[in-house]
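Every heavy atom of this structure was used, including side-chain atoms; hydrogens, water molecules and symmetry mates were not. Chain A is the first sequence line, chain B the second, and so forth, proteins listed ahead of strands; every chain is numbered from 1.
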Amino acid sequence: MKKLCITLALAGAATLARADIVVIGNPAAGSLTKEQVSDVFLGKNQSYTPVDQVDSAPIRAEFYKKATGRDAAQVKATWSRLVFTGKGLAPKELPDAAAVKKAVAADPKVVGYIDKSAVDGSVKVLVSLD
Amino acid sequence: MSHQRRTIALAALAALFSTPGLAQDTGGPALSLSGFGTVGAVKTNNSDADYVIPGQPDGAGKSVDFGVDSKIGVQATATFNLMFSATAQVLSKHNSEGKWTPGLEWAFGKAKLGDKFSLRVGRMGAPFFMVSDFRDVGYTNTWIRPPLDVYGQITFSHFDGADLLYSSSIGDTNVTAQFFAGSSKVKYANGARPELKRIVGVNASAEIGPVTLRAGHAQGKFSVTRSQRLDQLFNGLRTVAALPVGLGSLGSLADDLEADSKDATFTGIGASLDWNNIVGSAEYTRRRTDSFLADTTGWYLTGGYRFGTWTPYVTLSKLKQDSDSSKTLPAAPIPQLAGTMAALSKGVNDTLASVGQKTVAAGVRWDAMKNIAVKAQFDHIKPDARSSGQFVVREGQSGLNGKSVNVYSVAVDFVW
């Protein structure tokens, strides 16, 4: 019984730690594939404007790992190339999910990522990363 | 001139900073400021010639030198609206004049024309190579510096003019193309000034999954002005050609060698790979001019493997001189000309001396922090027979005479 409790507790903790991340866009936007999301957030597809979460947000590293397969340093190097060729600007950093939703709701070209639990009617889920 | 350039650079930055309303994010122009830098130390096992990034007047020998790789750059981009932006980059490094004076590397205005095109006007990075635009941003590259057997072929790092950028996706392939036109000049420490005018070029790349392919071609009119040594040589050849002793061919030799608005082309193809933990890149390039400046072919091949934050890599590279590296001048027809002919012959052959060399390099990059990379690299360089390759032979140095050299480098690269 005790063992079962621990197992359940651990399973619960694991579920909490593994965030369900969704890529969101304006309700008017069409859906995106994971590859397109990767291109947008690595500056390869400029049809959309990506918005980031702040550096310190745990969701950020997890999002990039899931969407692009790259870690923070590789993403930094990729954007540095675009920034220092004058061909692009790194995504704007927004403080939290609410700010991301606000930016997305205001412009059909903007895409962002948030935890699934934060989704509401102001935005549309373009692709789920789980 | 350098003072003037610095003034312009500072004025450009000041103008960007002083635009009102920058601090607030209220729909006015948004300013984004970023920077990069490298602190690098280099030494070799031979002081008969200096290891340099071609263009630099002096560099590393047996004692440690911080000038070869160290640099700092600041870049500001002001975004006025969805269509217009302006970018300026000020870079301070041990430049071709041997100074650290901050120079205006870039200053351009950009107009976004729809989703696929943008037009830039001003001073921009000269896109002759695959990593031209970020060759100075060490952090973005695996190596300490792009292989000099290829990147040393051209010392023009920016051009003044305009370009049209196209970027689009065709299926899963991201395609970019750049058409550019303009002119560029460099000022050397000895006063000489190479210039490339009426440059037109195209640069195209396709990104297919983990592979990026790139091809580029540029052509222009190449001149070297204000070089005392070259002027002396060509005047000497023409003076002797004018004497009634049957050496008229020296006049056409001078015409052939002189860089006076001569046709020049540069062509390159390249590929890079970033697949799982494997990174690699390769480029093959050819430089051609109708002047004393050698025709060359350069290539490199780099491969590396990421073990977490560590990326060991190896590079093989070669710069081959495709044009004559010496010329036999006619013997002096009269004894009185023997000394002059010997001097002219030496002048011609020093000018044509091979710049060819081959390199084996190995190094490691460590991503110490998210925006800091620490690197160490070892290069073993073998210049062509009787030459000093890409090394600089300063007054009082004997030159390498084909002898190989080991180069040891460490660097810390950062971006913010």
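A 6.0 Å sphere centred on NZ of B:K370 holds more than 12 heavy atoms belonging to other residues, nucleotides or ligands.
Highest contact tally toward chain B, considering only A:T33, A:D55, A:N45, is held by A:D55 [criterion: heavy-atom pairs under 4.5 Å]. The choice from B:K116, B:E207, B:M369 that makes the most heavy-atom pairs within less than 4.5 Å of chain A is B:E207. Looking only at heavy-atom pairs under 4.5 Å with chain B, the residue among A:A90, A:S47, A:A77, A:G69 that has the most is A:A77. Put simply, of B:G73, B:S118, B:G35, the one with the most heavy-atom pairs under 4.5 Å next to chain A is B:G35.
Neither the backbone nor the side chain of A:Q36 comes within contact range of chain B; no heavy atom of the residue lies under 4.5 Å from a heavy atom of that chain. Using a 4.5 Å cut-off between heavy atoms, B:D274 touches chain A through its side chain atoms alone. When heavy atoms are compared at a cutoff of 4.5 Å, A:D39 approaches chain B solely by way of its side chain, counted from C-beta outward. If you measure heavy-atom distances from B:S34 to chain A, the contacts under 4.5 Å come from both the backbone and the side chain.
Every residue two or more places apart in sequence or in another chain that forms a side chain to side chain contact (heavy atoms under 4.5 Å, CB included) with A:D52 is listed here: A:R60, A:Y64, A:P91, A:E93, A:Y113. In terms of the salt bridge (Lys or Arg N to Asp or Glu O under 4.0 Å) criterion, B:K71 has no residue partners (sequence neighbours excluded).
Looking at B:S32 and B:T77, their side chains never bring a donor and an acceptor atom within 3.5 Å of each other. Looking at B:S281 and B:S272, their side chains never bring a donor and an acceptor atom within 3.5 Å of each other.
Across all their heavy atoms, B:Y313 and B:R365 have their closest contact at CE2-N, 4.0 Å.
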